[in-house]
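Worksheet for the structure shown next.
The basis for the numbers below is simple: all heavy atoms, side chains too, and nothing from hydrogens, waters or symmetry mates. Positions are given from 1 along the sequence. First listed ligand is number 1; within each ligand, the first listed atom is number 1.
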Amino acid sequence: MIITKSKKLPENFLWGASTSAYQVEGANLTHGKGPSVQDVKTVPEGTSELDVCADFYHHYKEDIALMAEMGFKTFRFSVAWTRILPKGFGEINQEGIDFYSDVIDECLKYNIEPLVTMFHFDLPYEIEKKGGWSRRESVDEFVNFAKILFENYGDRVKYWLTINEQNMLTLVGDVIGTCNLSGVTNKYKKLYQENHHMLLAQAKVMKLCHDMVPGAKIGPAPNISLVYPASCKPKDILAAQNFNAIRNWLYLDMAVWGRYNNLVWKFLEEHDALPDIEEGDMDIMAQGHPDFIGFNYYSTATVEWNEANAEASSGDQQGGSCEPGVYKNFSNPNLLHTEFGWEIDPDGFRATVREMYSRYHLPMLVTENGLGAYDKLTEDGKIHDDYRIEYLRRHIEQIKLAVSEGVDMMGYCPWSAIDLISTHEGIVKRYGFIYVNRDEFDLKDMARYRKDSFYWYKKVIATNGEDLG
Ligand code: BG6
């Protein structure tokens, strides 16, 4: 639809940006923090270890002041489970509790709403050693961790996110460094059992949040990309429906409605991979109600029909995967790509939010969206990232159009507030509004610089999205 009568964004629209603990904090094994799976993984060749990152742990005051200067209404950050509970269970690390308490207070000092992700790819290593999410006990371990967060921060944090990109943990955990499939005979059985436990944990935590923190709002944060069919061939449509179910709707159907998506159920049955479900599990699922849907969006996916005898392969967060008899990745010729080969699709952003809203009718909060690029610091201390401005502008335009069409959008938190370490492509793949002066292996002085996108975003926020120029 071409919109000529557009609506303004709501006055209380939550403008901000996001980070995650293991990618930004540094101090990864100090100040009482225990190891997570991210701290023990072998980092991809040519990329930095995760011990310093952007050193947010020591720079948070300066960084939050810069966010305040941009006019942030919210800041999405994650809590490292092992900074609170070094083993993931048992003894609490008071220094970790105090650190996030200080971060929250620092946000509130500037009227920035803390938006807290409980779990962003950093499962405690002690839990992983015992079998991680594949054990039933992991559900209670996560609930216990959440309870500690609500007890300590519930008086000040009104917005919570449960699990970041649970769908990517299930689909591409090997790329993110969270899953080890060596010696596993049926990977689907393992992955979807883990997924079942995460879904249960999430449902319990959403209920707990409502019980313990009256007035708080909580939601999931999957990575949602509408899946296009490669053509109007009927079989390509079926393939797109298959991948939409596997990639997207499984996670949101369960979070919102508390039931398994029927196409995914059939897919798992075909692979002898139905999760073990205990009595009462589906009641628990039905009791967890999100107040909103948080979601990460980078681009759409496109697939075509795939014959049963094709070879299987997995991709990364942006697709590339292939399931025999189900779908096969298709490179969309209509889209541009980032320097790192990710497709760019602002129209698909609107298509994705339209589809989500028509399925779930809940308010939606963009928890990630952004462009990774090789930014360059000039000799006079500038970063001319006009390509990022262009990417963000075109996506915000689509949010405004979606709002005009009646979609309920709560806010926009692009990735990332500040440069940090990418999941598998190092610090040189930069996303931030704030430049951190370090290279892959040379830590330099870690000084912060305002990129051109910093000043642009400041103006966008000040005009509540009216001036995108
Ligand atoms: C999302 C994650 O998958 O995308 C982030 O939630 C991640 O943790 C972001 O950094 C961008 O991906 P990448 O691989 O470029 O870091």
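- At a heavy-atom cutoff of 4.0 Å, ligand 1 is contacted by the side chain of W415 but not by its backbone.
- Between the side chains of D253 and Y360, at least one donor N or O sits under 3.5 Å from an acceptor N or O.
- Residues Q166 and N195 have side chains that bring a donor and an acceptor to within less than 3.5 angstrom of each other.
- Of the N or O atoms in E425, none lie within a sub-3.5 Å distance of an N or O in ligand 1.
- Only the side chain of N164 comes within 4.0 Å of ligand 1, counting heavy atoms alone; its backbone N, CA, C and O stay farther away.
- Of all atoms in ligand 1, numbered sequentially from 1 with element shown, those under 4.0 Å from a heavy atom of Q23 are 5 (C), 7 (C), 8 (O), 10 (O).
- Using a 4.0 angstrom heavy-atom cutoff, Y431 counts as in contact with ligand 1.
- When only modelled atom types and interatomic distance are considered, D345 and T300 share a side-chain donor-acceptor pair under 3.5 Å.
- In summary, the side chains of S321 and N329 do not present any donor paired with an acceptor at a separation below 3.5 Å, with no hydrogens or angles considered.
- A side-chain donor-acceptor contact under 3.5 Å links N164 and R76.
- Within ligand 1, the atoms closer than 4.0 Å to a non-hydrogen atom of S422 are 13 (P), 14 (O), 15 (O), 16 (O), numbered from 1 in the order shown.
- Checking D375 against Y387 by side-chain atom types alone, a donor-acceptor pair falls below 3.5 Å.
- Close contacts between ligand 1 and E165 involve ligand atoms 1 (C), 2 (C), 3 (O), 6 (O) [criterion: under 4.0 Å to a heavy atom].
- A ring-centre distance under 6.0 Å is not found for F99 and H31.
- Taking any N or O of Y22, backbone or side chain, none lies under 3.5 Å from an N or O belonging to ligand 1.
- Close contacts between ligand 1 and H424 involve ligand atoms 14 (O) [criterion: under 4.0 Å to a heavy atom].
- Polar contact check, K429 against ligand 1: a nitrogen or oxygen pair lies under 3.5 Å apart.
- Taking a 4.0 Å cut-off on heavy atoms, M168 fails to register as neighbouring ligand 1.
- Paired with F119 under the rule ring-ring contact (aromatic ring centres under 6.0 Å, His included), one option of W133, Y22, F145 passes, and it is W133.
- Residue-ligand proximity, N296 to ligand 1, at heavy-atom distances under 4.0 Å covers atoms 6 (O).
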